[in-house]
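Written below as C-alpha cells is the structure these notes are about.
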2 protein chains.
Amino acid sequence: MSSEQAHVVTIREVAAAAGVSIGTASKALNGRGKLREETRARVSAAAERLGFRPNPLAQGLLQGRTYTVGLVTGDSFGRFSIPVMLGAEDALGAGQISVFMCDTRDDPIREQHYVERLLARRVEGIIVTGRRTEPRPSIGADLPVPVVYAMTQSASDDDFSVIPDDRGGGALAARHLLATGRTRIGHVTGPERFEAARRRAEGLTDALAEAGTGLAGDPLFGEWTEEWGRQGADILLRAHPDVEAVFCGSDQIARGVSETLRERGRRIPDDVAVVGFDNWEPMVEGCRPPLTTVDMNLGEIGRIAAEHLLEAIGGAPRARGVLTVPCSLVLRESTRVS
Amino acid sequence: MSSEQAHVVTIREVAAAAGVSIGTASKALNGRGKLREETRARVSAAAERLGFRPNPLAQGLLQGRTYTVGLVTGDSFGRFSIPVMLGAEDALGAGQISVFMCDTRDDPIREQHYVERLLARRVEGIIVTGRRTEPRPSIGADLPVPVVYAMTQSASDDDFSVIPDDRGGGALAARHLLATGRTRIGHVTGPERFEAARRRAEGLTDALAEAGTGLAGDPLFGEWTEEWGRQGADILLRAHPDVEAVFCGSDQIARGVSETLRERGRRIPDDVAVVGFDNWEPMVEGCRPPLTTVDMNLGEIGRIAAEHLLEAIGGAPRARGVLTVPCSLVLRESTRVS
DNA sequence: GAAAATAAGGAATAGGTTTTCCTTCGCAGA
DNA sequence: TCTGCGAAGGAAAACCTATTCCTTATTTTC
C-alpha cells in the first residue's frame with residue numbers, strides 16, 4: 001500500500017505542497033509565529049501526506065545540540081552493565097536522547113579511541129560503565145562534556161560515580177539471617193583485592209557486631225567462581241561444622257556453596273541458610289533451593305546516573321565524588337524459616 | 001594543564017588562525033585541492049592547536065550521510081544478542097560507523113517507536129536481533145533503509161536473516177559422540193514449539209540415522225531450564241538405563257541433566273557423556289565436569305549481518321531469505337574418552 | 001615578448017531547518 | 001483621506017563544512 005519513496009522529503013517540499021514559504025511551514029509544524037489556523041492545518045496535512053520528518057542533522061546544526069550521549073563499557077555489555085544500560089536508556093529515552101554504544105573490550109587504547117569518536121560526534125555527555133565497581137583510571141580530565149561513571153568508579157575525585165552500596169548489602173544479609181534466628185554465620189566471597197568484596201564483608205561483620213555476635217571465622221576470600229564456592233564451603237564446614245548460615249559474595253559462589261553443603265548432608269535451609277549476591281536470574285533460579293540474594297538495583301543505578309548526566313547537560317553544576325545506591329534483599333527458599 | 005575550552009571550535013576559527021579562507025582550510029585538512037605544502041602544514045598546526053574537530057552534523061548534512069546504524073533488540077541485550085552486537089560493532093566500527101542502541105523489551109509498540117526514531121535520525125541501516133532465532137513479524141515493509149535480522153528471523157521472505165545452523169549443530173554433537181564410541185544417545189531439549197529445538201533434534205537424529213543407529217527414545221521436549229534438565233534426565237534414565245550419552249538443547253538443560261546423572265550414580269564422562277548447546281561460559285565452567293558444548297559463533301553471525309548491511313548501504317542489491325552460519329564444537333571434560 | 005598553462009587560494013553555493021526581521025494587507029480610529 | 005496597528009506570512013540569515021567555480025599571480029612555451 002504505502003509505497004515508501006526512497007527519496008527523503010524535506011520541509012521545502014512540504015511548503016510547496018501547502019503553497020506556503022519554508023519559514024511558514026516550519027512555524028506551522030512547530031506551533032510558532034502568527035498563522036491562521038487554516039494554514040497550520042494545511043501544512044500539517046501536507047507533511048503528514050508526504051511523510052515528512054525534520055532532518056535532525058539540520059536541527060542539531062542550528063541549535064548546536066545533537067541529543068545524543070555515548071555509553072562506554074568494558075564489560076562487553078555483560079551481566080552487570082546491561083541492566084545499568086537499560087535503566088540509563090529509560091531516563092535518556094524519555095528526554096528524546098539517543099545512545100551511542102561503544103564496547104572497549106577493556107582495552108584502554110580502544111577506549112581512548114571511542115571517546116575521541118564520541119566527542120567528534122558531538123555527544124552531549126558520556127556514561128562509563130564496567131564489569132565491577134572497582135576504581136579505574138579517569139576516562140579523561142577536562143573533557144568538554146559531562147561524564148558519569150555507573151557501576152564503576154573513577155579513580156579521580158573530580159569525577160562522579162554511581163555504585164551500589166556494598167556495605168549496606170552485606171548488612172542487609174546479616175540482619176536478615178539474624179532475624180531468622182541464625183547466629184553462626186560464615187562468609188565465602190571473592191578476591192580480597194576487590195573493594196566490593198571487602199565492603200560486603202565489612203557490612204556483614206559490622207552488622208553482626210552491632211547485634212552482639214561475630215562472624216564464624218574470618219571471611220574466606222577466594223575467586224568469583226562456583227568452583228571456589230565449593231572449596232570455600234568445604235573449608236568452612238571443616239572449621240565450623242555447626243555453621244547455621246553462609247553469606248556468599250556472589251550468586252555463583254553461592255551455587256558452589258549450596259552444592260557442597262548438600263553433598264555434605266546439610267539441608268538448605270533447615271540446617272544451613274544461604275544468601276547470595278547479584279540476583280542473577282539464571283544462577284538464582286537454577287540453584288537448589290532457589291536462592292535468597294542481594295539485588296544491587298542495577299537499573300536504578302543506571303537511571304540515577306543518566307538523570308545526573310541530564311542535569312549536567314542542562315547546565316547544573318557538575319557533581320563530584322561517589323553516590324551509593326541502596327541494595328535490596330530478594331527472599332527465596334534458601335533462607336526460609338522452617 | 002590543557003584547560004579545555006567549552007567553546008567548540010569551528011573551521012572558521014582555524015582558517016582565521018592560519019590566515020586563510022574557510023575553503024582553503026577545508027582543503028588543507030582533507031588533502032584536497034591544490035595548496036602549497038607550507039599552507040597545509042600551517043592549517044594543520046592551527047587545527048591541532050585549537051583542538052578542531054569537524055562537526056559531523058554539518059558533514060552529514062552536506063554529504064547526505066550520517067554514518068550511523070540502528071541496533072534494535074528485544075533480548076534486553078542479553079546473552080545471545082550481546083556477542084552478536086559485538087561482532088556487528090567490529091564490522092561497523094571499522095567503517096567508521098557508529099551504532100544507536102535500542103532495547104524494545106520485546107514490546108511491539110516500543111519497537112515501532114524506536115524504528116520511527118531511528119529513521120528520523122537518518123540511520124543508514126538497521127540490525128534487528130533477538131533472544132531466540134524464532135521467526136518474528138517483520139519490522140516494517142518498504143523501509144527506506146536496508147534491514148538485516150541477526151540471531152532472529154523475519155517472518156517475511158523479503159527480509160534477510162542470519163541465524164545459526166541449528167541442524168548442523170545437532171549433527172556436530174551426534175558425530176562427536178559417535179566418534180567417541182557412544183551409540184545409545186538420548187536428547188533432552190527445549191519446547192517443541194521452538195524451531196531451534198526441532199532443528200537441533202533433526203540434525204541429531206539424521207546424523208545418527210546416517211551412521212546406521214537411532215536415538216534412544218524420542219527427543220524429550222520440555223523447557224529451557226535446569227529444572228527441566230533434571231526432570232528430563234530422570235525420565236530418560238528410567239526409560240533407557242543403559243544410555244551412554246545425552247545431547248542437551250542448552251547448557252542450562254545440560255547442567256540439570258549432569259546433576260541428576262551424578263545423583264543417580266552415573267559418572268561423567270565415564271558412564272555417560274553430556275553435550276550442551278550455547279557455550280555460555282558461566283554455565284559451562286560451573287558444570288561438573290566442564291561441559292562439551294556447541295558454540296553458535298554468535299560473533300560471526302553479528303559480523304556477517306553487519307557486513308551484509310554495509311554492502312546494502314553501499315548500494316549492493318538487497319539480499320533476501322535466510323543465511324545460516326555453521327556452529328562449532330567446543331570440547332571439554334564431559335565427553336572425554338577414558 | 002605575448003599567449004597559454006599552471007599553481008595557489010578565495011568566493012560562493014549547497015545542504016535542511018529555525019528564527020529574526022520585514023513586508024503587505026485589511027481595518028479601525030481620527 | 002490619512003495614520004496607525006495587528007494579523008499573516010515571506011525573505012533572509014544562521015548553523016558548519018565540502019566542493020565547485022573563479023581569480024590572480026607565476027611560470028612555461030613558442
Side-chain angles (χ1 to χ4, degrees), chain A residues 5-47 50-68 96 119-124 144, chain B residues 5-47 50-68 96 119-124 144:
Chain A
Q5 54 257 332
H7 166 75
V8 181
V9 359
T10 71
I11 201 173
R12 163 178 280 107
E13 300 167 52
V14 175
V20 299
S21 74
I22 295 178
T24 302
S26 173
K27 288 175 209 159
L29 294 172
N30 296 302
R32 302 287 165 81
K34 304 225 159 205
L35 272 64
R36 249 181 313 160
E37 206 43 56
E38 187 269 334
T39 310
R40 280 190 206 287
R42 195 149 36 89
V43 174
S44 297
L50 297 173
F52 168 73
R53 294 173 212 284
N55 185 329
L57 273 61
Q59 289 179 316
L61 186 56
L62 201 54
Q63 300 178 34
R65 295 198 56 180
T66 57
Y67 294 95
T68 59
Q96 291 286 78
L119 292 178
R121 283 208 182 261
R122 299 288 198 273
V123 295
E124 301 182 9
Chain B
Q5 54 258 333
H7 166 75
V8 181
V9 357
T10 72
I11 200 173
R12 164 179 280 106
E13 301 167 50
V14 174
V20 298
S21 75
I22 294 179
T24 302
S26 173
K27 287 173 210 160
L29 294 173
N30 296 303
R32 302 287 167 80
K34 305 228 159 203
L35 273 63
R36 249 180 311 160
E37 206 42 57
E38 188 268 333
T39 309
R40 279 192 207 285
R42 195 150 36 90
V43 173
S44 296
L50 298 172
F52 169 74
R53 294 172 210 285
N55 185 328
L57 273 61
Q59 289 180 316
L61 186 56
L62 201 54
Q63 300 178 35
R65 294 199 56 179
T66 57
Y67 294 96
T68 59
Q96 290 286 73
L119 293 178
R121 282 207 183 262
R122 302 288 197 272
V123 296
E124 300 182 10

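So you know, we letter chains A, B, ... as the sequences are listed, proteins then strands, and number each from 1.
- Here A:N55 does not reach the OP1 or OP2 of C:dG15: none of its side-chain N or O atoms lies under 4.0 Å away.
- Within 4.0 Å (heavy atoms only), A:L35 reaches sugar-phosphate atoms of the nucleic acid but no base atom.
- When side chains are defined from C-beta on, B:V43 counts as touching B:V14, because their heavy atoms get closer than 4.5 Å.
- Rounded to whole Å, the distance from CG on B:N30 to P on D:dT19 is 7 Å.
- Contact check, A:Q63 against D:dC15: no side-chain N or O comes under 4.0 Å of OP1 or OP2.
- For B:R53 and D:dT17, the CZ to P distance is 12 Å, given to the nearest whole Å.
- Looking at A:T68 and A:R121, their side chains never come closer than 4.5 Å, going by heavy atoms from C-beta outward.
- Picking from D:dG10, C:dA8, C:dT17 the nucleotide with the shortest atom distance to the side chain of A:P54 gives C:dT17.
- Distances were taken from every side-chain heavy atom of A:S21 (C-beta onward) to each of C:dA14, C:dT18, D:dG10; the shortest belongs to D:dG10.
- One finds a side-chain N or O of A:S26 lying less than 4.0 angstrom from the OP1 or OP2 phosphate oxygen of C:dT18.
- Separating the CD1 atom of B:I11 from the C1' atom of D:dC15 is a distance of 14 Å, rounded to the nearest angstrom.
- Separation of atoms CG (A:L57) and CZ (B:R122) is listed at 8.0 Å; rounding is to 0.5 Å.
- Contact of the A:F52 side chain with the A:E13 side chain is not registered, since no non-hydrogen atoms from C-beta on lie closer than 4.5 Å.
- Under 4.0 angstrom from either OP1 or OP2 of C:dA8 there lies no side-chain N or O belonging to B:K34.
- Comparing D:dG9, D:dA18, C:dG15 by their closest approach to the side chain of B:L61 singles out C:dG15.
- Between the P atom of C:dT17 and the CG atom of A:L62 lies a distance of 11 Å, rounded to the nearest Å.
- Here the P atom of nucleotide D:dA18 and the CG atom of B:L57 are 13 Å apart, to the nearest Å.
- Taken to the nearest 0.5 Å, the CD atom of B:Q59 stands 11.0 Å off from the CG atom of A:L61.
- Proximity of B:R12 to the phosphate of D:dT17: no side-chain N or O atom is located under 4.0 Å from OP1 or OP2.
- In the set D:dA18, C:dG9, D:dT19, D:dT19 carries the atom at the smallest distance from any side-chain atom of B:R32.
- Distances were taken from every side-chain heavy atom of A:K27 (C-beta onward) to each of C:dT17, C:dC21, C:dG15; the shortest belongs to C:dC21.
- Here D:dA8 presents its P atom at 11 Å from CD of A:E38, a figure rounded to the nearest Å.
- C:dA8 atom P lies 10 Å from atom CD of B:E37, rounded to whole Å.
- Atoms OG1 and CZ, on A:T24 and A:R32 in that order, are 14.5 Å from each other to the nearest 0.5 Å.
- Side-chain N/O atoms of A:Q59 include one lying less than 4.0 angstrom from OP1 or OP2 on C:dT18.
- For the pair B:I22 CD1 and C:dA8 P, the interatomic distance rounds to 22 Å; values are reported in whole Å.
- Here B:R36 reaches the OP1 or OP2 of C:dG9: one of its side-chain N or O atoms lies under 4.0 Å away.
- Judged by closest nucleotide on DNA chain D, A:G23 is the one of A:G23 and B:A58 placed further toward the 5' end.
- For the OP1/OP2 pair of C:dG9 and a distance below 4.0 Å, the side-chain nitrogens and oxygens of B:T39 include at least one atom meeting the criterion.
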